[in-house]
Number of protein chains: 2
Amino acid sequence: MARRRSEMLTDVELEFMIALWEIGTGSVRDIMGALHEDQQRAYTSVATVMKILDDKGFVSSDRKDRALVYSPAVQKRDYEGRSLKNLSKTLFGGTPTALVARLVDNEDLTDEMIQEIKEIIDTRIRKDDG
Amino acid sequence: MARRRSEMLTDVELEFMIALWEIGTGSVRDIMGALHEDQQRAYTSVATVMKILDDKGFVSSDRKDRALVYSPAVQKRDYEGRSLKNLSKTLFGGTPTALVARLVDNEDLTDEMIQEIKEIIDTRIRKDDG
DNA sequence: GATGGAGTACTAATTCCCTAGTAATTATAT
DNA sequence: ATATAATTACTAGGGAATTAGTACTCCATC
């Protein structure tokens, strides 16, 4: 611990966290193997970023044999929520409503997607009632 | 022009763009005055960032008298969409549905907000039909 | 005990962001 | 014309991100 300058992950840090979230727990070598990218990275580069993530509090580490095994200290769903809150705050005046309005504004969205979104909302409303 | 390393604005750049979007068009001094922040910034700092935004293509500049007058080259709604697409891609597997699901997952959301969101969706669906 | 392999820590180089000062330029007022 | 004010261009320095090399530690095996 100590860094924690930003609450948000950088692009590369996010890539690494996504890999770790997928495998749940893993060594540097495991994480290196789980990365989705085309770009090759040296083993030591991966190790360095994992240490930074540890410093920032996004992961925790345990020593198994001689290797460090990393686990997420922040769950993906939490970070997703944090990201949405951040985006909502910085760009949509803190109102999630405006965010959704812009989202469904997008021409790329198919009717099916809109329907799915509608169902998500309706489900949430029904859950509140019940 | 020339930089355009990232499609996305940094935090400070976004602050400045928000100021410019609000006033529509303005000189360095105008933008400095429109900034929402507590933090004071030197005139030359604002000028430097505006030049970078120009280099990156987010604004255009015209000389009026001796001063440069900046205008957005990217509209706020476009950047909002770009941000959502980016977030959707990096964190939600490219599916806006998952993004909305996480958004309405948030306990902070009041019933009123959920209702508003529902109306936004319903309006969009009706618009498609009509 | 020496050697080798695996892993971590340390360090470094590059690049970009952020801030702001100084110099140069241009216009205005006297 | 000269002094003054405003603005931009150039420059620099600190901090962080990214990448990766080197050195060092540990353990196992010969």
Side-chain angles (χ1 to χ4, degrees), chain A residues 1-20 23 25-71 86 90, chain B residues 1-20 23 25-71 86 90:
Chain A
M1 268 192 285
R3 277 201 194 215
R4 191 176 282 291
R5 220 164 302 275
S6 167
E7 301 272 290
M8 291 299 140
L9 297 163
T10 67
D11 289 350
V12 169
E13 288 167 358
L14 177 58
E15 275 295 328
F16 284 32
M17 285 303 295
I18 286 171
L20 185 58
I23 62 179
T25 266
S27 65
V28 169
R29 200 158 290 283
D30 297 332
I31 292 158
M32 190 162 52
L35 290 175
H36 283 187
E37 299 187 327
D38 315 320
Q39 198 199 343
Q40 278 301 342
R41 253 180 272 260
Y43 179 90
T44 51
S45 303
V46 180
T48 302
V49 173
M50 290 314 298
K51 187 163 171 37
I52 290 169
L53 286 168
D54 202 350
D55 290 347
K56 288 189 175 177
F58 283 100
V59 304
S60 62
S61 56
D62 265 316
R63 205 167 282 276
K64 288 265 164 57
D65 297 320
R66 71 225 98 121
L68 289 176
V69 174
Y70 290 101
S71 307
N86 185 58
T90 55
Chain B
M1 263 192 289
R3 277 199 195 214
R4 193 176 281 290
R5 220 165 301 277
S6 167
E7 301 271 292
M8 293 297 140
L9 296 163
T10 65
D11 289 349
V12 169
E13 287 167 359
L14 177 58
E15 275 295 327
F16 285 31
M17 286 303 296
I18 285 172
L20 184 59
I23 62 179
T25 266
S27 64
V28 169
R29 199 158 291 282
D30 298 332
I31 292 158
M32 190 164 49
L35 290 175
H36 283 187
E37 298 187 330
D38 314 319
Q39 199 199 341
Q40 278 300 342
R41 253 180 273 259
Y43 179 91
T44 51
S45 303
V46 180
T48 302
V49 173
M50 290 315 298
K51 187 164 171 37
I52 290 170
L53 286 169
D54 202 350
D55 290 346
K56 289 189 176 176
F58 283 100
V59 304
S60 63
S61 57
D62 265 317
R63 206 168 280 275
K64 289 263 163 60
D65 298 320
R66 65 219 109 120
L68 290 175
V69 174
Y70 290 102
S71 307
N86 184 58
T90 55

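Chain A is the first sequence line, chain B the second, and so forth, proteins listed ahead of strands; every chain is numbered from 1. Just so it is clear, the values below take in all heavy atoms, side chains as well, and ignore hydrogens, waters and symmetry mates.
For L68(A), taking side-chain heavy atoms from C-beta onward, the closest of the listed nucleotides dC18(C), dT18(D), dT8(C) is dT8(C). Checked against dA9(D), dA9(C), dT19(D), the side chain of S45(A) finds its nearest nucleotide in dT19(D). Checking dG7(C), dT19(D), dT22(D) against the side-chain heavy atoms of V49(A) singles out dT19(D) as nearest. The side chain of V28(B) has dT8(D) as its nearest neighbour among dT8(C), dT8(D), dA20(C).
Per the geometry, CE belonging to M8(A) stands 19 Å off P belonging to dC17(C), to the nearest Å. Rounding to whole angstrom units, NZ of residue K64(B) and C1' of dA6(D) are separated by 18 Å. Look at CE on M50(B): it is 14 Å from P on dT19(C), rounded to the nearest Å. To the nearest angstrom, P of dA17(D) lies 14 Å from CG of L14(A). Across the protein-nucleic acid pair, D65(A) atom CG and dT8(C) atom C1' stand 15 Å apart, rounded to whole Å. Nucleotide dA17(D) holds its P atom 12 Å from the CG atom of D11(A), rounded to whole Å. Protein atom CG of L35(B) is 12 Å distant from nucleotide atom P of dA20(C), rounded to whole Å. Atom CG in D55(A) sits roughly 14 Å away from atom P in dT8(C) (whole-Å rounding).
Residue A42(A) is classed as a sugar-phosphate contact, given heavy-atom separations below 4.0 Å to backbone atoms only. No contact: E15(A) has no heavy atom under 4.0 Å from any strand. As judged by a 4.0 angstrom heavy-atom cut-off over every strand, T10(B) is placed among residues touching the sugar-phosphate backbone only.
Contact annotation: K56(A) reaches the phosphate of dA17(D) (side-chain N/O to OP1 or OP2, under 4.0 Å). Distances shown here put every side-chain N or O of T44(A) at or beyond 4.0 Å from the OP1 or OP2 atom of dA20(D). The phosphate of dT19(D) has OP1 or OP2 within less than 4.0 Å of a side-chain N or O from Q39(A). Between R29(B) and the phosphate of dA6(D), there is no side-chain N or O to OP1/OP2 separation shorter than 4.0 Å. Put simply, Y43(B) has a side-chain N or O that comes within less than 4.0 Å of OP1 or OP2 on dT8(D).
Residue E13(A) is the one, among R66(A) and E13(A), whose nearest nucleotide of DNA chain D lies closer to the 5' end (criterion: closest heavy atom).
With contacts defined as side-chain heavy-atom distances shorter than 4.5 Å, the pair M8(A)/E13(A) does not qualify. Between K51(A) and T48(A) the shortest side-chain heavy-atom distance does not fall below 4.5 Å. The shortest distance between side-chain heavy atoms of L68(B) and V28(B) does not fall below 4.5 Å. Annotation: side chain of M50(A) is in contact with side chain of V59(A) (closest heavy-atom distance under 4.5 Å).
Distance alone, capped at 3.5 Å, is enough to place a donor-acceptor pair between the D30(A) side chain and the S27(A) backbone.
Nearest heavy-atom pair, D54(B) versus S61(B), reported as atom, atom and distance to 0.1 Å: OD2-OG, 2.8 Å.
Under 3.5 Å, the side chain of T48(B) and the base of dA20(C) form at least one donor-acceptor pair of N or O atoms.
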